[in-house]
> 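Starting off with a structure, shown below.
A quick note: this is a predicted structure, and the numbers were derived from the prediction, not measured. The figures that follow rest on heavy atoms only: side chains count, while hydrogens, waters and symmetry mates do not. Letters A, B, ... are given to chains in the order of the sequence lines, protein chains preceding strands, and every chain is numbered from 1.
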Number of protein chains: 2
Amino acid sequence: MNEETIRRRATVHDVARAAGVSLATVDRVLNGRPGVRAATAEKVEQAIAELGFARDLNASLMARARDLSVVFFIPDGSNEFMDSLAEAVHRRSPLALADHIHLDLRRVRALDAAGLAESLSQLAPRECDCAVIVSSDEPEVLAAIDAAQRRGIAVMTLVSDLPASARRNFIGIDNVAAGRTAASLMGRFLPQGGKVAVVAGSLHLRDHAERLDGFRAALGAEFPALEIIGPLEGHDERTETAEIITALLAEHADLGGLYNLGAGNAGLVSALEASGRSGNLRVIAHELTAPTRAGLASGAIDVVLDQNPDGEIREAIAAARALALDASRVAVTDPIEIGIFLRDNLR
Amino acid sequence: MNEETIRRRATVHDVARAAGVSLATVDRVLNGRPGVRAATAEKVEQAIAELGFARDLNASLMARARDLSVVFFIPDGSNEFMDSLAEAVHRRSPLALADHIHLDLRRVRALDAAGLAESLSQLAPRECDCAVIVSSDEPEVLAAIDAAQRRGIAVMTLVSDLPASARRNFIGIDNVAAGRTAASLMGRFLPQGGKVAVVAGSLHLRDHAERLDGFRAALGAEFPALEIIGPLEGHDERTETAEIITALLAEHADLGGLYNLGAGNAGLVSALEASGRSGNLRVIAHELTAPTRAGLASGAIDVVLDQNPDGEIREAIAAARALALDASRVAVTDPIEIGIFLRDNLR
DNA sequence: TTGTGCATGAGGTACGTGCCTCATGACATT
DNA sequence: AATGTCATGAGGCACGTACCTCATGCACAA
C-alpha cells in the first residue's frame, strides 16, 4: 500500500486551517457553544464537509472530564423479560466502563407513563447523555422525549418503538415478522390443519398487536387449513394466563396449536403440564426466560421466539456511543434478529 | 452517588506509585520490553493486580503511531458463504477505522493449507496485530499459527475451530447444536415419521462432521420414527450436489425430508425445482446466501440455519481489540447464535 | 468619545498511554 | 582501576479533543 493511499483522518487542526479560523472557533462550532457568527460557522461546517472530518470519539471521551453516561429505564414488575434486560445492562457495565461509557439502570413502574415522563423530565444533560426507554405509546411520554431531546439528551426506544416521538433510534425486533414466523412454523408443525389458539398480553401493547397482525396475515396466506381461536388476553399475568389456557384446553379438546405472543409464560407452562396434553400440542411462545426454558425442557413448549436482550443492550450502547458525537445523525446499528429456540439450540 | 463511591480507574501513574518504580519501568513491564529485573517486574505485576489496573485501550490506540491492524484470511472460490463473510469485513471497515482498527481482507485458495500457512508465516508483527483465519485442520496450519503467536501476532479461528492449535479465540457457532436443531425441526415437520436424507460437503470438514453428529444424535433420541438416508457427500459443489439430489429423489419417491448440512445450495435448489417435488418435501439447509434465499422464496427450502457472518465479523473485531492489550487472556465475546430463517423472517 | 458586548484568536492544561532519549548508579569483567 | 553492561529514573513529545482564560479588535449605541 502506498503512502499516498493512506490518508490520515482529518483532525480539528485540519478543519481550522481549511476554514481559516482558529481551533477555538472550530471547537465552538463542534460543541454548539455560543460566540460564533453564522457566516463563520458556515465556513467551518463547509470545511468539515469537505474534509470529511469526524470527531475521534475516543480522544473526545478521554478529553472530557466525565464518562459518557447512558441511562436505561426498564419496567419493573413481574415481567421476566424485563428482568433479563436489566441483567444484560449489568453484564455489559464493566465492559462499557472500560470504554468510558457509564451505564445507569433505573427500574420504573411498568405501564406508568406519567412516572416515566416525570423521570425523563428530571434528567439533566450534565448527568445523562442518552436515555433508553421501554414504553407504551402515551402522550406524556412523547412530550417528555421531545423535551429531553431539546435539552440535549438523546433518547432511544427499546423493544417497543414510538415512531411518532422525537426518539433518535429504535432498538428491537420486527414484531410483525415475529408473528409471521410463528405462523410459518405453526403451519409446518400442523400439516393436516386444525385449530390454533392465540393468547396475547394486551392488544393495546404495540408489540403484541403487531405480532398478532403478522401471525394472522401469514397464516391466512399460507395455511388456510388452520383456524384461529381467539385472540384471548391474559394481561401478561401468570395466574390469569393459566386460567385462560386451562379453559381453552377444556373447551377445545382437538386443539392442535397454541401461540402465546405475550408474557405470562409461567402460567402457560403450568396450565399445559397440568392438562397432560403437552406432547400432542404444538406451542410457540416469546422470550427465552426461566419459565419458557423450563417449558422447552419439559416439552410443554416447542419453540420460543426471542429478541436477544444482550444483543439489544449491546446495540443500544453502540448507538448511544455513535449518537454522542453526531447530534444530527441517526446511528446505524446492527439489526436485532429474531432468535428461534428449540430444546436443542438453547442459548 | 457520593464522590467516594466513584473510584477513578487506576492509571500507569498509580501503578508506578504503588510499585515504587518509575513510569518508564511500568511501561517496560506492560509492553514486554527488556531491561527489567525479574524482582522488579514482580513488584509491578503485583501493583497491577492490587489496583486492578487495566490499560485504557483508547488512550493506548491513540498514543501509538499506527492503528490496530486485523488481517482476515477468507477462503476464495465458489463458496457463497465465504463471500458473505468477506462482504461483512468490508461493511465493518469504516466503522472499525473510526475506532483506530484497520481491517485487511485477504482471500486465499480454499482448502489450500500450505498456501495459508505460507501467508501466515509471512505476517510481520509490525503490520499485523491479529490474524483471523478460516481453516481446516492441517498440521502446516497448526504450526504456522503457533509460530505467529510466538512472533506476537494473535491468531483467531473463524467458523471452524482448531482447538489443538495455539489460537487465542474461536468465533463461530456450536455446530453440534446446529445439527441437533435441524433434527428437532425436521422431527416436528414430519410427525408421521418417514425417510430423511442427509447431504454433506465433506465429512473431513470439522463443521460438517459435527453437524452430522448432532443431527444423528437428536433424531435418534427424539424421533425414532425417522429413518436417515446417507450421508452423501457433494463436496460443496453445485453440480455434484445437484446430481446427488436428483438421484436421491428418483430412488426414494417417498422421501419426507432433506438436510443439506454443507454448501452447494445452488445445486440443491435447482435439483429440487426440477424434480417438481418442492412443497411436499421438508428441506433444511445452511447459510443464508443468494441460493438459499431463492430456495426459501420459492418454497424449495423450508428452513435455513445461519451463522450470521456480520455478527461473526463484529465479534472477531471486538475480540481482536480485547486481545491487543491482554496478551495473556482469552477475550470474552458474545456467543454467535444459530439463526433460524424461514421465508417469513428473512434478514 | 467612551462604554458595552460580541466574535474571534492565542495559547495553555488535561486525559492516559506509547515511545524516545539521556543520565545515573550498581555491578561484573578484564 | 578501567571498562562495559544492565536496571532504572527522569522527562519530554505525541495522539486528538475538551475546556479554560485572556487579549484583541470591531461594531454599535449612549
> Inspect the surroundings of CZ in B/Arg33 and state if more than 12 heavy atoms from other residues, nucleotides or ligands are less than 6.0 Å away.
yes
> Under the criterion side chain to side chain contact (heavy atoms under 4.5 Å, CB included), which of B/Leu120, B/Val134, B/Val132 is the partner of B/Phe73?
B/Leu120
> Check every atom of D/dT17, D/dG9, C/dG9 against the side chain of A/Thr11 and return the nucleotide holding the closest atom.
D/dT17
> Rounded to whole angstroms, how far apart are CG on A/Leu23 and P on C/dG12?
12 Å
> So that I can tick it off, tell me whether A/Arg106 and A/Asp76 are bridged by a salt bridge, with the cut-off set at under 4.0 angstrom between side-chain N and carboxylate O.
no
> Taking atom P of D/dA10 as reference, at what distance in whole Å does atom CZ of B/Arg17 sit?
13 Å
> Name the closest nucleotide to the B/Ser60 side chain, picking from D/dG9, D/dG16, C/dT17.
C/dT17
> Please determine which of B/Asp99, B/Leu61, B/Leu97 meets the side chain to side chain contact (heavy atoms under 4.5 Å, CB included) test together with B/Asp67.
B/Leu97
> Please report the distance, rounded to the nearest Å, between CG in A/Asp56 and C1' in D/dA18.
13 Å
> Let me know the distance between NE2 of B/His100 and C1' of D/dT17, rounded to the nearest Å.
11 Å
> Using atom CG of A/Asn58 as one end and atom P of C/dG18 as the other, report the distance to the nearest whole Å.
14 Å
> Considering just the side-chain nitrogens and oxygens of A/Ser22, establish if one lies under 4.0 Å of OP1 or OP2 belonging to C/dG11.
no
> Identify whether the distance between the nearest side-chain nitrogen and carboxylate oxygen of A/Asp334 and B/Arg91 falls below 4.0 Å.
no
> Is the count of non-hydrogen atoms from other residues, nucleotides or ligands lying under 6.0 Å from A/Arg151 atom CZ greater than 12?
yes
> Going 5' to 3' along nucleotides 19-28 of chain D, which nucleotides have protein heavy atoms under 4.0 Å from the base (write B), which only from the sugar-phosphate (write S), and which from neither (write -)?
B---------
> Report the residue (A/Leu30 or B/Ala41) whose heavy-atom-nearest nucleotide on DNA chain D is the more 5′ of the two.
B/Ala41
> Nearest to the side chain of A/Arg37, heavy atoms from C-beta on, is which of C/dG18, C/dA7, C/dG16?
C/dA7
> Give a yes or no on whether a salt bridge exists between A/Arg167 and A/Asp146, defined as a side-chain N under 4.0 angstrom from a carboxylate O.
no
> What is the distance from CZ of A/Arg55 to P of C/dC15, rounded to the nearest Å?
20 Å
> Could you give the CZ-to-P distance, from B/Phe53 to C/dG16, as a whole number of Å?
10 Å
> Go through D/dA7, C/dG18, D/dT17 for me and flag the one nearest to the A/His13 side chain.
D/dT17
> Using whole Å, report how far CD1 of B/Ile101 lies from P of D/dC15.
20 Å
> Pick the nucleotide of DNA chain C nearest each of B/Val12 and A/Ala38; which residue has the one closer to the 5' end?
A/Ala38
